[in-house]
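Would you mind keeping the following structure in view while I ask a few things?
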Amino acid sequence: MSEKANFERAELLIGTDAMRRMNAARVILLGVGGVGSWCAESLIRSGVRHLTLVDSDCVSETNINRQLPATTLTVGEAKVNVLKKRLLEINPEAEITAIQEMYNAYTSASFHLESYDYILDAIDSLEEKTHLIRTATQTDAVFFSSMGAALKMDPSRIRMAEFWKIQGCPLAAALRRKLKKGQLPGKKFVCVFSDEVLDNRGALPDAVISSSGWDARKARINGTLAYITAIFGFTLSSLVIRDIYTSVNTK
């Protein structure tokens with residue numbers, strides 16, 4: 001089986017030079033849940049060979065409705081390890097680094113963000129997301145971020161915008177308030193977001209919270225659907241792919 005044959009349709013569209021750049025790009029993806037897992041899949045299927053996956057969580061039953069690594073057979077396993085195995089089945093030549101660790105102010109330096117070409121944010125926690133934005137935008141890497149994908153059903157309202165121009169997204173608004181209280185981002189960056197905000201209509205049993213591996217630092221549990229998280233993830237990956245394509249074809 002030829003790696004070149006596997007990706008010939010992608011190369012046919014973006015060109016040989018862009019594919020070479022894709023193969024060489026070093027990408028780190030922080031958060032491989034509902035958004036991040038689909039982003040990782042798209043990156044590898046598009047020709048990215050060097051990908052670092054960062055997430056401390058294990059698969060839980062409540063992940064099955066929307067996260068790529070989550071099945072009834074993978075419950076309890078580390079998400080990064082399940083995803084790494086799948087991605088290597090897509091491209092055995094890829095260099096996938098799986099780090100089962102939480103990104104935060106204390107661990108940030110260990111990830112050596114400055115060594116990557118692209119830093120992708122799919123983190124849920126407001127505190128860690130704020131720290132990552134501040135840190136990543138101080139590097140030379142290209143930084144892209146995903147806002148929240150919960151409480152949404154309309155895929156036509158998913159779009160991209162520069163962070164300070166996002167309207168209608170509660171998470172972006174909360175991040176802006178938090179960032180203004182301290183160090184501002186070192187540069188502008190583009191985000192995936194949706195201005196749709198629905199209400200939860202179902203009740204979440206207490207038993208689900210106690211057994212799901214839910215992170216208590218998150219303000220609440222919100223309803224989420226697979227096609228929305230997947231579109232967010234695919235759109236996040238498209239920012240990398242199109243940036244590489246543009247950088248090669250505008251010279």
Side-chain angles (χ1 to χ4, degrees), residues 1-32 35-54 68 83 86-88 90-97 112-122 132-133 135-147 149 155-167 172 185-194 227 229-251:
M1 187 177 294
S2 165
E3 181 188 23
K4 182 173 178 59
N6 292 345
F7 300 100
E8 64 182 9
R9 296 297 181 94
E11 185 172 340
L12 184 63
L13 176 62
I14 68 175
T16 301
D17 289 342
M19 181 55 74
R20 289 196 188 110
R21 185 74 63 86
M22 194 91 69
N23 293 162
R26 290 178 50 80
V27 182
I28 184 169
L29 170 61
L30 298 105
V32 296
V35 173
S37 58
W38 299 103
C39 176
E41 171 109 348
S42 177
L43 290 171
I44 294 299
R45 288 189 184 274
S46 299
V48 169
R49 283 181 179 162
H50 307 282
L51 179 61
T52 297
L53 308 171
V54 179
L68 186 64
L83 193 54
R86 177 181 173 87
L87 297 179
L88 289 174
I90 295 169
N91 184 7
E93 302 301 317
E95 179 186 287
I96 312 291
T97 302
H112 302 287
L113 297 181
E114 71 284 350
S115 68
Y116 292 91
D117 301 303
Y118 292 91
I119 302 170
L120 305 182
D121 162 37
L132 177 59
I133 289 172
T135 305
T137 56
Q138 297 296 325
T139 72
D140 292 331
V142 180
F143 175 64
F144 296 121
S145 178
S146 173
M147 298 295 104
S156 70
R157 293 172 70 169
I158 299 172
R159 61 198 72 179
M160 295 160 284
E162 198 280 317
F163 174 69
W164 296 103
K165 296 181 179 179
I166 294 174
Q167 296 182 348
K187 57 188 173 185
K188 293 181 178 181
F189 59 97
V190 175
C191 302
V192 183
F193 78 101
S194 168
Y227 66 89
T229 58
I231 294 171
F232 263 75
F234 290 150
T235 306
L236 185 61
S237 73
S238 82
L239 290 170
V240 175
I241 295 160
R242 291 185 294 122
D243 186 77
I244 291 173
Y245 176 82
T246 301
S247 68
V248 169
N249 288 282
T250 56
K251 291 184 177 180

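The analysis underlying the following values was restricted to heavy atoms, covering all of them including side chains, and did not include hydrogens, waters or symmetry mates. Quick caveat: nothing in here was measured; it's all calculated off a predicted structure.
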**Message:** Main chain of S115, side chain of R26: is a donor-acceptor contact present, judged purely on distance under 3.5 Å?
**Reply:** yes
**Prompt:** Taking atom CD1 of I241 and atom CG of L236, what is their separation to the nearest 0.5 Å?
**Reply:** 10.0 Å
**Message:** Once salt bridge (Lys or Arg N to Asp or Glu O under 4.0 Å) is applied, do any residues pair with R242, and if so which ones, sequence neighbours excluded?
**Reply:** none
**Request:** With sequence neighbours left out, write down each residue that passes salt bridge (Lys or Arg N to Asp or Glu O under 4.0 Å) with E11, or none if nothing qualifies.
**Result:** K4
**Fill in**
The reported gap from SG in C191 to CZ in F143 (rounded to nearest 0.5 angstrom) is 7.0 Å
**Prompt:** Does any non-hydrogen side-chain atom of I90 lie less than 4.5 Å from one of E41?
**Reply:** yes
**Prompt:** CE of M22 to OH of Y245: how many Å apart, nearest 0.5 Å?
**Reply:** 11.0 Å
**Asked** Once you round to the nearest 0.5 Å, how far does CD1 of I133 lie from CD of Q138?
**Response** 12.5 Å
**Message:** Here's a test for you: under side-chain contact (heavy atoms from CB on, under 4.5 Å), which of L30, L29, T135, V27 qualifies with I119?
**Reply:** L30
**Prompt:** Residues in side-chain contact (heavy atoms from CB on, under 4.5 Å) with R157, at least two apart?
**Reply:** D154, R159, S194, D195, E196
**Item:** Working for side chain to side chain contact (heavy atoms under 4.5 Å, CB included), residues D243 and Y118
**Value:** CA-CA 10 Å; D243 186 77; Y118 292 91; 2.5 Å; yes
**Message:** Give me the atom names and distance for the closest heavy-atom approach of L83 to A40.
**Reply:** CD2-CB, 3.8 Å
**Request:** Give the intermediate values and the outcome of side chain to side chain contact (heavy atoms under 4.5 Å, CB included) for residues V192 and L239.
**Result:** CA-CA 9 Å; V192 183; L239 290 170; 4.0 Å; yes
**Item:** Nearest non-hydrogen partners of M19 and A10, listed with the distance
**Value:** CE-CB, 3.6 Å
**Heavy-atom side-chain proximity of L43 to L87 below 4.5 angstrom** = no
**Request:** To the nearest 0.5 Å, tell me how far I166 CD1 sits from F193 CZ.
**Result:** 5.5 Å
**Asked** Any donor-acceptor pair under 3.5 Å linking the side chain of S247 with the backbone of I244?
**Response** yes
**Request:** State whether the side chain of T139 and the backbone N or O of A136 hold a donor-acceptor pair below 3.5 Å, judged by distance alone.
**Result:** yes
**Message:** Looking at E162, I want to see if its CD is surrounded by more than 12 non-hydrogen atoms of other residues, nucleotides or ligands under 6.0 Å.
**Reply:** yes
**Request:** Over all heavy atoms of both residues, which pair between S237 and S42 is shortest? Give the atoms and the distance, please.
**Result:** OG-OG, 2.7 Å
**T137 to F189 - nearest heavy-atom pair and separation** = CG2-CD2, 3.9 Å
**Item:** Distance, nearest 0.5 Å, that separates CD1 of I96 from CD1 of I44
**Value:** 3.5 Å
**Prompt:** Counting only heavy atoms not in K188, do more than 12 fall under 6.0 Å of its NZ?
**Reply:** no
**Asked** Of all heavy-atom pairs between G47 and N23, which one has the smallest distance, and what is that distance?
**Response** O-ND2, 2.7 Å
**Message:** Below 30° counts as parallel, above 60° as perpendicular, anything between as tilted: where do the rings of F234 and W38 land?
**Reply:** perpendicular
**Asked** Taking all non-hydrogen atoms of both residues, which atom of T235 and which atom of I231 are closest, and how far apart?
**Response** OG1-O, 2.6 Å
